[in-house]
Amino acid sequence: PPTNLYKFCLNLLLFLHFITSSPFVFVPPFLVKLLHPLTTTMSSCRKMRYPSFSLLREYNILFIRGLMVLFLSCLTIRLNFSISSIPSSLKALPLKGHFSFEEADLKHVARDFGNRYQSHPMAVLHPKSVSDIADTIKHIWNLGPGSHLTVAARGHGHSLQGQAQSHGGVVINMESLSVPEMQVYAGESPYVDVSGGELWINILHETLRYGLTPRSWTDYLHLTVGGTLSNAGVSGQAFRHGPQISNVQKLEIVTGTGEVVNCSEEQNGDLFHSVLGGLGQFGIITKARIFLEPAPTMVKWIRVLYTDFIAFTRDQEKLIFAEEAFDYVEGFVIINRTGLLNNWRSSFNPQDPVQASKFKSDGRTLFCLELAKYYNLEETLVVNQEVEKHLSHLNHIPSTLFLTEVTYVDFLDRVHISEVKLRSKGLWDVPHPWLNLFIPKTKIHHFAEVVFGNIVTETSNGPVLIYPVNKSKWDNRTSVVIPDEDIFYLVAFLASAVPSSNGSDGLEHILSQNKKILEYCEKADLGVKQYLPHYTTQEAWRLHFGSRWQIFQQRKSVYDPLAILAPGQQIFQKSITFS
């Protein structure tokens, strides 16, 4: 009967009121105010033997409302208690390094080179040992799915779109990881053991002391080992030696459960290949063994121009298969640049100064082939003859041949020289809406015709790189995604946006241009894959990985089942449950 239901509701409400009135349970003031009408009308209800139906409905609605607010309040109190206890639980960990909760530290790691995304963590870990990283991750793992905490490893901060950020979580400053110290092993198969937070520029300087050098590089060396190996690490040497992930012998990894694992092709091979190019999803690289080779001392650095894109790509492809030709093959696109060759004169010497002075680049689309030949001083005569021979087989514009000779270190660290100049002008810490694409060889001409003919109208905002790589130098067991052709091209739009500009050098214009390029690639079904990929939905990531998505997902469930690691990639989201 209605009266029995009403009595039951009143009794339950009284019971709840008694519980919430306990001195041991905090009741928010807004909940007391909400329940007040219910408790103050109880005495009048007792005088009524049979309350009206409308009154019953009113009290039932009030009762349900109060019950819901009570539940939400308890949930909020529990969440607030859990969250407030997290910093103290992190502080209690016995670490050699330390956590920082300072606002300046949090703001620093909330930004990256892309300068477009900002996501503040709860804490920054400055580890002094691998165990600091392992203990932190294991602690978060032990908190279980009820914890919101995630972990992102941050190297030199050169992510483009927040990939090394962790909103409300923990960011690990990998550059603080000072051990193990770098160890170079010379011999028949030389290698160097380095920390995952070591910069490649430091590895270069240390290995050169032994007359050795890593085989594969990126164009910019002020990046950490863990950062480049989590992506691929590609530059003009990749056609010969493959990317950096093809030049690693051994890794030490901290997985998403806090386990420290040594791995190589022979030992824990699945984890080894998962982490290489794995976008930080399966573990944090704390140590790597990198293959080395004898180091040269000098570099002959060459640039030549083309107006014909077909001739340009034909020569590039010829050179990446030529024996004993060049050690580095890249290229870039130049659209509507004024006084191009005059700008080169500050660093390069024209072979024919008179003819070079007559060349005009205004309003033209040109393609520059950039080459490098490594050598030692005693080999100068032989190297000059070899370079001349190989250049004679190319179809470039003869008057645009420029050459220079620099040290091996100056060549590899060439981008840093530009960085110093840009920093001095306040133009380094600006938005960098970069777009990097892998394009199959069979589609590169279609791509160039549309993109360089219709979409990109100038290249003054930053370089547009374009060069071929050989798929046979890439290991398909790694996690990196590349086109399914024997030769594919890296095309990189490396623009810098001018803050507050509404013109062609502004952020919105460059982002719109990038969007048009991606839309064209998808509409034309070119089979393009993003390098340093960025997607915001799991469905987009599924399309990116294609047939390899299932393997990627399975590896995630094994090595980081709670999705603690690298949340900034937005591939997997940590599911929070309440027990």
Novice: Testing the basics here: between Ser166 and Ala152, what is the closest heavy-atom pair and its distance to 0.1 Å?
Specialist: CB-CB, 3.9 Å

Novice: Strictly under 6.0 Å, is that where the ring centroids of Phe552 and His544 end up?
Specialist: no

Novice: Strictly under 6.0 Å, is that where the ring centroids of Phe411 and Tyr328 end up?
Specialist: yes

Novice: Would Ser100 and His126 satisfy side chain to side chain donor-acceptor pair (under 3.5 Å), going step by step from the backbone distance to the final call?
Specialist: CA-CA 8 Å; Ser100 171; His126 299 277; 4.6 Å; no

Novice: Report, as yes or no, whether the 6.0 Å neighbourhood of atom CD on Gln538 holds more than 12 heavy atoms from other residues, nucleotides or ligands.
Specialist: yes

Novice: Determine, using ring centers only, whether Trp141 and Tyr559 are less than 6.0 Å apart.
Specialist: no

Novice: Verify the ring-centre separation between Tyr220 and His158: is it less than 6.0 angstrom?
Specialist: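 Yes: the rings meet the under 6.0 Å criterion.
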
Novice: Surrounding CG of Asp484 (heavy atoms of other residues, nucleotides or ligands, distance under 6.0 Å), is the total greater than 12?
Specialist: no

Novice: Testing Glu206, His205, Glu198 one by one against Asn202 for a side-chain hydrogen bond (donor to acceptor under 3.5 Å, both in side chains), which residue passes?
Specialist: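 Exactly one option meets the side-chain hydrogen bond (donor to acceptor under 3.5 Å, both in side chains) with Asn202, and it is Glu198.
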
Novice: Quick check on Lys441: does its NZ atom have over 12 non-hydrogen neighbours (other residues, nucleotides or ligands) under 6.0 Å away?
Specialist: no

Novice: Around His167, counting heavy atoms of other residues, nucleotides and ligands shown, do more than 12 lie under 6.0 Å from its NE2?
Specialist: no

Novice: May I have the step-by-step check of side chain to side chain donor-acceptor pair (under 3.5 Å) for Thr228 and Trp200, ending in yes or no?
Specialist: CA-CA 9 Å; Thr228 63; Trp200 285 99; 2.9 Å; yes

Novice: Does Gln550, at its CD atom, have more than 12 non-hydrogen atoms belonging to other residues, nucleotides or ligands within less than 6.0 Å?
Specialist: no

Novice: Could you check whether atom CG of Asn142 has more than 12 heavy atoms from other residues, nucleotides or ligands sitting under 6.0 Å from it?
Specialist: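 Yes, enclosed.
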
Novice: Above 12 or not: heavy atoms from other molecules or residues under 6.0 Å from NZ of Lys516?
Specialist: no

